[in-house]
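The structure appears below as structure tokens.
Throughout, protein chains are lettered first and strands after them, A, B, ... in sequence-line order, and every chain is numbered starting at 1.
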Protein chains: 4
Amino acid sequence: MRKNEIKREQSINALVDTALKLFSQNGYEATSIRMIAKEAEVSLGLMYNYFKSKEELLLEIFRRGSEDIHMSFEEGLANSEANVSEVAQHINQTVRLLKEKKLFWKLLHGIRMQTTVVHALKTQIEEQAKLIETKIKQNLSTAGFPHPELEAKLLFASIDGMASHYLLLDNYPIDDVASLLIRKYDKQ
Amino acid sequence: MRKNEIKREQSINALVDTALKLFSQNGYEATSIRMIAKEAEVSLGLMYNYFKSKEELLLEIFRRGSEDIHMSFEEGLANSEANVSEVAQHINQTVRLLKEKKLFWKLLHGIRMQTTVVHALKTQIEEQAKLIETKIKQNLSTAGFPHPELEAKLLFASIDGMASHYLLLDNYPIDDVASLLIRKYDKQ
Amino acid sequence: MRKNEIKREQSINALVDTALKLFSQNGYEATSIRMIAKEAEVSLGLMYNYFKSKEELLLEIFRRGSEDIHMSFEEGLANSEANVSEVAQHINQTVRLLKEKKLFWKLLHGIRMQTTVVHALKTQIEEQAKLIETKIKQNLSTAGFPHPELEAKLLFASIDGMASHYLLLDNYPIDDVASLLIRKYDKQ
Amino acid sequence: MRKNEIKREQSINALVDTALKLFSQNGYEATSIRMIAKEAEVSLGLMYNYFKSKEELLLEIFRRGSEDIHMSFEEGLANSEANVSEVAQHINQTVRLLKEKKLFWKLLHGIRMQTTVVHALKTQIEEQAKLIETKIKQNLSTAGFPHPELEAKLLFASIDGMASHYLLLDNYPIDDVASLLIRKYDKQ
DNA sequence: AATGAATGAGACTTCATTCAT
DNA sequence: TATGAATGAAGTCTCATTCAT
């Protein structure tokens with residue numbers, strides 16, 4: 001019967017969305033299943049019909065988040081503007097993604113410092129970071145920067161720091177900061 | 001009696017140090033008071049003679065951390081080298097502090113995303129950030145940068161991002177990245 | 001429709017068999033309804049069409065088990081061998097039943113100590129035991145034993161203990177033990 | 001300070017004694033920590049100051065029970081009566097122990113059928129049984145029985161069955177049954 | 001007849017905190 | 001001052017059972 005599948009899907013989505021919101025707001029540990037269930041307007045135990053544990057729910061959030069980011073980047077590549085440098089495009093895309101998936105990024109930035117939380121995530125997060133850095137390096141290499149390896153580390157840090165501040169502060173002028181950053185690298 | 005005061009001081013220091021270590025390692029929520037007391041070799045009851053709650057302990061960590069940082073910055077100013085730009089000095093000092101107080105920075109970066117945890121901290125953290133940004137702005141202004149406000153935001157983000165990556169990754173070449181960053185701003 | 005009735009019968013049998021298997025293996029409390037339904041490949045909801053509770057399922061197991069035992073004993077009586085004492089026949093039948101319905105006996109022996117679990121069972125179990133003891137007493141009386149009442153208690157205990165050990169241990173030589181027991185009582 | 005130790009001991013004993021009572025009555029699974037705490041008149045969480053888990057509490061019960069039995073047997077050996085056969089003495093001691101530690105035996109007989117519950121116990125229980133059987137075999141050997149191995153299995157079963165019935169039924173005349181059993185083996 | 005989504009009480013366990021000694 | 005026994009609220013998770021479809 002199809003109805004069941006729809007209800008199932010709805011419940012799962014409500015749980016994942018609510019959990020993302022609360023985890024990113026309060027942190028993983030400080031958010032209780034009870035809070036999630038109440039805010040998602042489902043019963044306390046329902047989560048456990050679909051996820052083996054609270055941790056599994058967190059992993060699902062990251063699974064979806066990673067996929068979204070991946071897709072969004074691919075999409076961005078397809079629509080690349082002709083007269084814009086690769087570095088500029090990378091930064092612009094990051095900014096766009098930050099705005100679109102703000103909660104996910106907040107969760108990511110809040111959780112990545114904690115050694116203990118979810119070992120499975122650590123690896124995943126680090127690999128993704130490594131990937132981004134590599135991409136930046138290639139872009140800088142293409143743009144003719146000397147020492148692209150080190151330059152990539154710096155640019156990655158700048159972008160990441162900007163992201164942190166955007167996530168942390170209200171009314172952070174990320175567009176302006178990003179523009180300035182782009183100018184610095186385009187000017188070469 | 002002087003002996004008691006010394007012991008008291010020692011116990012408090014052991015508690016604060018251990019708490020910092022564990023909080024920065026596992027996160028505030030995931031670290032129990034019991035773990036801290038046991039690792040600091042102080043009895044649970046005694047601990048509550050010194051700190052009236054877990055939160056109080058966290059606040060004391062931040063009090064000390066902030067003071068340390070403040071002092072260290074002052075100290076740095078005193079020993080300012082003649083032929084080094086203010087921007088360069090700021091960055092160098094930050095790197096030095098990161099290395100000296102790594103655990104504290106890790107805790108700070110791990111906790112600052114969480115809206116809920118300890119509201120008292122939020123204000124303190126934000127004020128400190130504002131202070132640093134202002135200082136950077138002054139330095140950039142002195143150095144003749146146009147738009148020092150926006151430039152400060154970007155440089156602060158770059159420094160902060162670099163710090164995050166240093167705290168996050170083993171063997172991050174922070175000295176090299178910092179040098180490169182300095183070069184970019186000194187070259188003007 | 002006949003087809004439905006057959007399917008119904010099959011589902012019920014699968015449920016009862018699976019429940020017996022799991023109850024005897026893990027204990028009544030430690031076995032969840034879900035496990036039973038899944039292993040029997042019957043949906044959770046359907047199961048509640050057939051049994052209105054977990055306890056009802058347990059009761060059905062005992063209903064069937066008792067009936068099986070009863071029938072088997074009757075059957076044994078019909079085929080009684082001429083030159084074998086009644087005591088010997090009783091023991092032989094018990095051994096045969098143990099082998100045939102091992103899971104049921106295991107469940108019985110595992111559950112009968114628990115005062116709380118399913119009060120309805122207690123009475124049933126005790127009555128059945130009383131019946132067996134009476135039968136043994138008659139057999140011993142026939143065989144000319146003095147104090148048949150007390151002798152019956154002892155023989156019943158011996159048989160029951162042997163059964164326990166058979167259920168408990170792998171490779172228990174129940175045939176040999178039973179033969180020895182028979183010899184003791186036949187020798188008079 | 002000594003007072004603390006006494007309180008600690010008292011709480012632990014209350015917990016262990018109450019748990020033994022309730023486990024033996026209702027079964028391990030069907031007894032909740034809450035029930036134990038309430039009946040022992042301590043707070044819900046106290047158990048976890050002294051035992052890592054419910055299972056650990058069960059293990060402690062078995063540790064104490066086994067030790068008690070061991071000591072009691074040793075004690076019995078010391079006071080062995082001159083003109084009583086070893087077999088008779090073994091049976092008498094078992095009866096005495098059954099009466100003294102009825103709850104523990106009930107728990108043991110109730111739990112030993114369950115494959116799942118506490119794997120650590122299974123081994124312990126089986127080893128203890130093996131030990132008893134060996135002892136019985138030696139006694140029977142001394143008494144001149146042929147096939148002492150098989151005879152031991154039967155006698156062990158008889159004693160065990162008698163124990164089960166004593167534990168199961170009110171007013172079971174265990175002394176009479178035991179006497180009859182002794183007579184059968186002394187008569188040879 | 002049949003499904004499995006949904007519920008919420010209750011299980012075990014952890015934890016910050018209090019308090020008698 | 002110093003100890004750690006004691007508390008009970010709250011956390012995660014399981015479970016028998018109900019019910020809409």
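The side chain of Tyr50(D) lies closest to dA5(F) when the candidates are dG8(E), dA5(F), dT17(F). When each of dA16(E), dT3(F), dA2(E) is scored by its nearest atom to the side-chain atoms of Leu46(C), the top-ranked nucleotide is dA2(E). In the set dG4(F), dA16(E), dA5(E), dA5(E) carries the atom at the smallest distance from any side-chain atom of Asn4(A). For Ser43(C), taking side-chain heavy atoms from C-beta onward, the closest of the listed nucleotides dG8(F), dG4(E), dA2(F) is dG4(E). Of the candidate nucleotides dA10(F), dG11(F), dT17(F), dG11(F) has the atom lying nearest to any side-chain atom of Ser32(A). Comparing dC13(F), dA9(F), dA6(E) against the side chain of Lys7(A) picks out dA6(E) as the nearest.
Across all strands shown, Phe51(C) has no heavy atoms under 4.0 Å from either base or sugar-phosphate atoms. Looking at heavy-atom distances under 4.0 Å, Val42(B) makes no contact with the nucleic acid at all. When heavy atoms are screened at a 4.0 angstrom cut-off, Ile33(A) is found touching the sugar-phosphate backbone but no base atom. Across all strands shown, Ser11(C) has no heavy atoms under 4.0 Å from either base or sugar-phosphate atoms. Within the nucleic acid shown, Arg34(A) comes within 4.0 Å of at least one base atom, counting heavy atoms only.
If you take CD of Glu29(D) and C1' of dC15(F), they are 13 Å apart, rounded to a whole angstrom. Counting to the nearest Å, the P atom of dT17(F) and the CG atom of Leu57(C) are 10 Å from each other. Leu15(C) places its CG atom 11 Å from the P atom of dT3(E), with the value rounded to the nearest Å. Here the C1' atom of nucleotide dT12(F) and the CD atom of Glu56(A) are 14 Å apart, to the nearest Å. Taking atom NZ of residue Lys38(C) and atom P of nucleotide dA2(E), one finds them 20 Å apart after rounding to whole Å. At whole-Å resolution of the value, CD1 in Ile36(C) and C1' in dT14(F) are 15 Å apart. The nearest whole Å value for the distance from the CD1 atom in Ile6(A) to the P atom in dA20(F) is 18 Å. In this structure, OH of Tyr28(D) is placed 14 Å from P of dA11(E), rounded to the nearest angstrom.
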Could you tabulate the donor-acceptor pairs under 3.5 Å formed by side-chain atoms of residues 36-43 of chain D, not counting sequence neighbours?
{"residue": "Glu39(D)", "atom": "OE2", "partner": "Lys21(D)", "partner atom": "NZ", "Å": "2.3"}

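Taking 3.5 Å as the limit, the base of dA6(E) and the side chain of Asn49(A) contain a donor-acceptor pair of atoms between them.
Here Glu60(B) pairs with Arg63(B) in a salt bridge; the nearest charged N to carboxylate O distance falls below 4.0 Å. Salt bridge absent: Glu5(A) and Arg8(A) never bring a charged side-chain N and a carboxylate O closer than 4.0 Å.
Across all strands shown, dT14(E) forms a Watson-Crick or G-U wobble pair, both distances under 3.5 Å, with dA9(F). Remark: dA20(F) base-pairs with dT3(E). Criterion, Watson-Crick or G-U wobble with two distances under 3.5 Å.
Comparing Leu44(C) and Lys52(B) against DNA chain E, the residue whose closest nucleotide sits nearer the 5' end is Leu44(C). Taking for each of Met35(D) and Lys54(B) the nucleotide of DNA chain E with the nearest heavy atom, the 5'-most of the two is the partner of Met35(D). The residue among Tyr48(C) and Met47(A) whose nearest nucleotide of DNA chain F is located toward the 5' end is Met47(A). Along DNA chain F, the nucleotide nearest to Ser53(A) and the one nearest to Glu55(C) differ in position, and the one closer to the 5' end is contacted by Ser53(A).
In terms of modelled atom types and a separation under 3.5 Å, the side chain of Lys101(A) and the main chain of Lys106(A) share no donor-acceptor contact.
No side-chain heavy atom of Leu103(C) sits under 4.5 Å from any side-chain heavy atom of Asp17(C).
For Lys54(C) and Tyr28(C), the positive end sits near the middle of the six-membered ring, less than 6.0 Å away and at most 45° from its axis.
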